[in-house]
Amino acid sequence: MGDQLMNWILAVIQTVLFVALSPLLAGWLKCCKCRLQNRKSPSLFQPYKDLIKLTKKQPVVAAQASWLFTISPYIIFSATVLAATVVPLVAVDLPTSASADVIVMVGFFAFARFFLALAGLDIGTAFGGMGSSREMTISSLAEPAMLMAIFTLTMTASTTNLSVAIGHVVNDGLVLRPSFVFALFALILVAIAETGRVPVDNPATHLELTMIHEAMILEYSGRHLALIEWASQLKLMLYGVLIANIFFPWGIAESFTAPALAYGLLAITGKLALLGLLLALSETLLAKMRLFRVQEYLGFAYLLGLLGMLSHIILEAAR
Amino acid sequence: MNIEQLDFYKQAILSLAAFVGLTSFLMLGQGRLLRLIFVFALQGFLLTLTAALAAYSLSNPHLYISVVLTLALKVIFIPWMLRRQVLRMNLHRDVEALNNNTLVMLGGASLMVFSYYVLHPIVQTSSAVMLNALAVSLSVVLLGMLLMISHRQAVAHVVGFMSIENGLFFSAIVATNGMPMVVELGVAFDVLVAAVLFGIFFLHIRTSIDSLDVDRLNRLHEVDDQRAEERKNPSAAVRRLSSGYEVEP
């Protein structure tokens, strides 16, 4: 009984860590990007300061906004936090990740996105509707690709539960699997598209005709905006942790002892810092592509996911 | 036998096999000729790596000869020659508009499923681990054919043809630990001669239809050519009408 309680406390702590550390990842990303572009970077904790500043400000809501507009930030934020409970950050086999599998996580993302798109449409401005329609177009193409990549993992581990699957990968040791290489690249491409990073969307600009995510949240201000921004930082971190922990799970805590947990925390911090550096590098090197080429990009991600699954069936099949 | 129980070399060979399949897909979606040739060279390079690993891990020293042959021919010589011809004919700036690119890609994926389905009974009866990659090699052959069907440039057709040969070489490695040396040498020289012949053929197509776009071969009449010319540049029509020896109906 005491053990069970302890596990639940650990699960809650892990989720809190997720939520608390996600602005730090965004700050680190910004730092790396500024350094790479020969600019002076803001402090690593700038996203926290921004969030606090936004929370203190009074939110301004348009006169014709319905209840949907004001309630959406809360729904989006809580759905993303719930998705974060499913993903193992520091340790596997926590009770929250046992209760839901990876398809539920994708479902939470879809739920949050649905409300974000509705909120963008709610005010009735041109930018909101445009952003919503683009977001839905991109996500309808990205979601199958992501599920393909994840199915590759679940077929290898024969489970859709993330923490069991990650445990399976850890226990197998270093195995060179062609399917995982494809799934990794597919998931990276999807993560870039879904979190609105550079080749697909530019997170740094407002008021640009090609923006997607920023177009939907243009009407938000104050604490509503803070919640939405926090949720998108959380989403970025979620994708980072998914990539790091599925494909490079070494270091994750399998027992709930203090040294193992500390080592797990250290490992995931290092992996995320490295991933952030790589993302900043790719954002510096690549230019944003035309909106009409996004479907080719996501088609390629889907193809990679499909090839991953096929090479799992063809090359890695047990005989 | 699962992949976890194999030794590292076999895992590496299977992974490289998957990448050879990927390069076939990359060629399928490539509209620029120079990049297409580069991906073709990459496929050849992956193939040589696979063959070298297979030669080492299965201790088949005679495979090293085919490794050297492939490296010299398909990674260096043929891509170099194709590249030189593309540059000489000034085709490197053309971007071929691939219509139905997504459809072709999905067609390619279904070809891969098809080759798996066809070869499944054969693979099941054998215990050789490398035989798993046989389906990939068959799909490289089929994807090479699809490349020839879906692209319009004659150079792309040649690349498709050569990648079919890549697939056959690959299947020879995984299924039988390499062909007999005589066959190997024969095929290599065939490919070499084919590459040279194709070069001459390019020149002929180019001098007769002034382009390497194979779709233009469908038009037989000179009239068609003239009309197409006029659509592009109306002043030609004015010149023809004013010269007076043909009256427009």
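Quick note on labels: first sequence line is chain A, next is B, and so on, each numbered from 1. It should be emphasised that the depicted structure is a prediction, and the values quoted were computed from it without experimental measurement.
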(request) Under 4.5 Å, heavy atom to heavy atom: which of residues 135-158 of chain B reach chain A? Give them by number, or say none. (result) A135(B), V136(B)
(message) Can you list the residues of residues 39-52 of chain B that sit under 4.5 Å from chain A, counting heavy atoms only?
(response) none
(message) Counting heavy-atom pairs closer than 4.5 Å to chain B, which one of T156(A), D172(A), L304(A) comes out on top?
(response) D172(A)
Below 4.5 Å from any heavy atom of chain B, which atoms of [X] appear? Answer side chain, backbone, both or neither.
X       : answer
I313(A) : both
Q295(A) : side chain
F180(A) : neither

(request) Let me know if L106(B) has heavy atoms under 4.5 Å from chain A in its side chain, its backbone, both or neither. (result) side chain
(message) Between L26(B) and chain A, with a heavy-atom cut-off of 4.5 Å, which part of the residue counts as in contact: side chain, backbone, both or neither?
(response) side chain
(request) Please collect all salt bridge (Lys or Arg N to Asp or Glu O under 4.0 Å) contacts where either partner lies in residues 59-78 of chain B, sequence neighbours excluded, each pair once. (result) K74(B)-E165(B)
[X] [atom1] to [Y] [atom2] distance, which is reported to the nearest 0.5 Å:
X       : Y       : atom1 : atom2 : answer
L176(A) : L16(B)  : CG    : CG    : 8.0 Å
L315(A) : I13(B)  : CG    : CD1   : 11.5 Å
I314(A) : M112(B) : CD1   : CE    : 4.5 Å
R177(A) : L14(B)  : CZ    : CG    : 12.0 Å

(message) Give me the atom names and distance for the closest heavy-atom approach of A109(B) to L306(A).
(response) CB-CD2, 3.4 Å
Please list, one pair per line, the donor and acceptor atoms closer than 3.5 Å that link side chains of residues 185-196 of chain A to other protein atoms, with sequence neighbours excluded.
{"unit_1": "E194(A)", "atom_1": "OE1", "unit_2": "R113(A)", "atom_2": "NH2", "d": "2.8"}
{"unit_1": "E194(A)", "atom_1": "OE2", "unit_2": "R113(A)", "atom_2": "NH2", "d": "3.1"}
{"unit_1": "T195(A)", "atom_1": "OG1", "unit_2": "A191(A)", "atom_2": "O", "d": "2.6"}

